[in-house]
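Since the model is a prediction, treat every value here as computed from it, not as a measurement. Heavy-atom basis, side chains included; hydrogens, waters and symmetry copies ignored.
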Amino acid sequence: MASNVNDTETKHVAEKEFAKLSWGERISYGAGDLAQNLIFGTVGSMLLFYLTTVFGISAAVGATIFLVVRWINVFWDPWVGAVVDKSKFKRGKYRPFILYFGIPLTVCAALLFFPMEAVRGNVIYAFISYMATALIYSFVNIPYGALNASLTRDNDEVSTLTTVRMTEANIGNLMVYTFLPLFVQLASPDKQMKDIGLFGLKLNLGNYASPHAGGAYFLVMSIYMVIGFALLMVTYFGVKERVLPTEEETDAVKYSDLFAEIERNKPLQVLGMFFLIGFTFMFFGNTVWPFYMQYNVGHPEWVASINLIGSIPGIFLVFLWPIVRKKIGKKQFFYIFLSLFIVGQLILWVWQMPAFKDSPLLGYLGRFLMQWGITAATGYMWSLVPEVVSYGEYQSKKRVAGIINAIMGLFFKIGLALGGIIPGYINAFFKFDGAKAHQSASALMGIQFSMIWAPIVLALVAMWIMSRYPLSDKDVTRINLEIDKRKSEGQL
């Protein structure tokens, strides 16, 4: 009789933790990625450009603000991860953070672009508003990442979930990198009728590098923030936490687990470095792209149409990711798509040459290929985080999803910061002057280096790092089944 009870309990645990997710739950979870891109992606894509043109501070000061805030995050995020892992709420372990910190996050992100003349050019305001936004963002982003590992242990489900969430994340990228600059230009002063490079379509666009464009930024950003918060609520109400640490595991979590996990978890070490390098060269491109279009190519009116074409693979070709991975394996997946990124970068380099810059065709092709490569590589790597969490649980008998996601989030944010900081210093070194409509040959070379050559070198480094990743799909399945067995036998 006791054996039958144990068998029933084992079956129940397996069905719960290896759950098949509904499409509603998959889409609801992915809404959180879309939301965070609308809220914080706007910061990564436009803030340095805004600060050094509209807001009126130097490129070096803007880069320094990024640097200081990200160093604060180095110590802040692990603490947030420990707080998340030790948390106990009636409405869940991770979901409540999304609710409680969603509102202050959206408010602070909008205030980054507040168009009050009294604070224009004020470095202290820029620093404090950016720091507040970044610190609050950790209380949304880290629990959201941990929530991913709490939905199911099923490896195929995690793969499908990653495909869905990255599709929604890339819809967010479309809204940020394609339509955000267009909307800001539509709302900016000094309007002129311009061909936007899409089937002869002309729009009345303003100058979004003008000191008088602050109101346009704030209006568009505020609308994005409201939509972003609504999407966070879709995630909060639409998902269910299933794979959670026991109460004993929760009570045993310590801040020092961060260092222990880094030391013993080899997959975490490798994936963390891949996150760092991958997001560094991704945000290099995101940060420098407005500069590259404005000054090197000389056609900022084409930003929306070029980015629209570039967004296609991240939305409509994401369904190929699990198919490609199953056919060739996870490491080869990253090799192929990073190579595709490099090819796209080289085409964009050719495009800015005088003989080609007045035709958008090379821009379409280059942006399409580089975005296909970068969205696949930096998108699909999130599917590896749950298996890193499981490996850590297998080794230590502690499920510290919050701490591991804090570590991953930390590498992500350092990459984001480096991608924003280094181009700013490069611009300063090569004598970029945001007050000038036309830049010197030296400044154009600095923008080209940041946009093309530095990301290519880092993509090659990322390939080498991924070659060191130790977990196969068979290893992951074996580890999850062993953990499930331990739980059913009361060993955890």
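Under a 3.5 Å cut-off, the side chain of Ser450 and the backbone N or O of Ile447 do not form any donor-acceptor pair. Although no hydrogens or angles enter the test, the distance criterion places no donor-acceptor pair under 3.5 Å between the side chain of Tyr469 and the main chain of Leu271. Between the Glu168 side chain and the Asp33 main chain, no donor and acceptor come within less than 3.5 Å of each other. With hydrogens and angles disregarded, a donor-acceptor distance shorter than 3.5 Å links the side chain of Thr235 to the backbone of Ser28. With hydrogens and angles ignored, the 3.5 Å screen pairs no side-chain donor or acceptor of Gln294 with any backbone N or O of Pro300. Panel note: side chain Ser129, backbone Leu112; no donor-acceptor pair is recorded below 3.5 Å. Remark: side-chain polar atoms of Arg26 are paired, donor with acceptor, to backbone N or O of Leu21 under 3.5 angstrom. Listed for the Tyr29 side chain is no donor-acceptor partner under 3.5 Å among the backbone atoms of Val164. Judged purely by atom type and a 3.5 angstrom limit, Glu25 uses its side chain to pair as donor or acceptor with the backbone of Lys240. Of the possible polar contacts, none joining the Arg242 side chain to the Ser150 backbone as a donor-acceptor pair under 3.5 Å is found.
Side-chain contact of Asn296 with Gln448: a donor-acceptor pair under 3.5 Å is absent, judged by distance alone. Under the 3.5 Å distance criterion, with hydrogens and angles disregarded, a donor-acceptor pair is assigned to the side chains of Thr64 and Tyr425.
Screening Leu180, Ile39, Thr106 for a side chain to side chain contact (heavy atoms under 4.5 Å, CB included) involving Tyr224 leaves a single residue, Leu180. Exactly one residue among Leu174, Val176, Thr375, Ile171 makes a side chain to side chain contact (heavy atoms under 4.5 Å, CB included) with Ser311. That residue is Leu174.
The minimum heavy-atom distance linking Pro470 with Lys266 is given by the pair CG-CG, 3.9 Å. Across Trp321 and Ala376, no two heavy atoms sit closer than the pair CZ2-CA, 3.4 Å. The shortest heavy-atom contact between Arg120 and Gly56 is NH2-CA, 4.1 Å.
In this structure, the side chains of Trp289 and Asn307 come closer than 4.5 Å at one or more pairs of heavy atoms.
Within a 6.0 Å sphere centred on CZ of Phe89, other residues, nucleotides and ligands contribute more than 12 heavy atoms.
Taken to the nearest 0.5 Å, the CZ atom of Phe279 stands 9.0 Å off from the CZ atom of Phe274.
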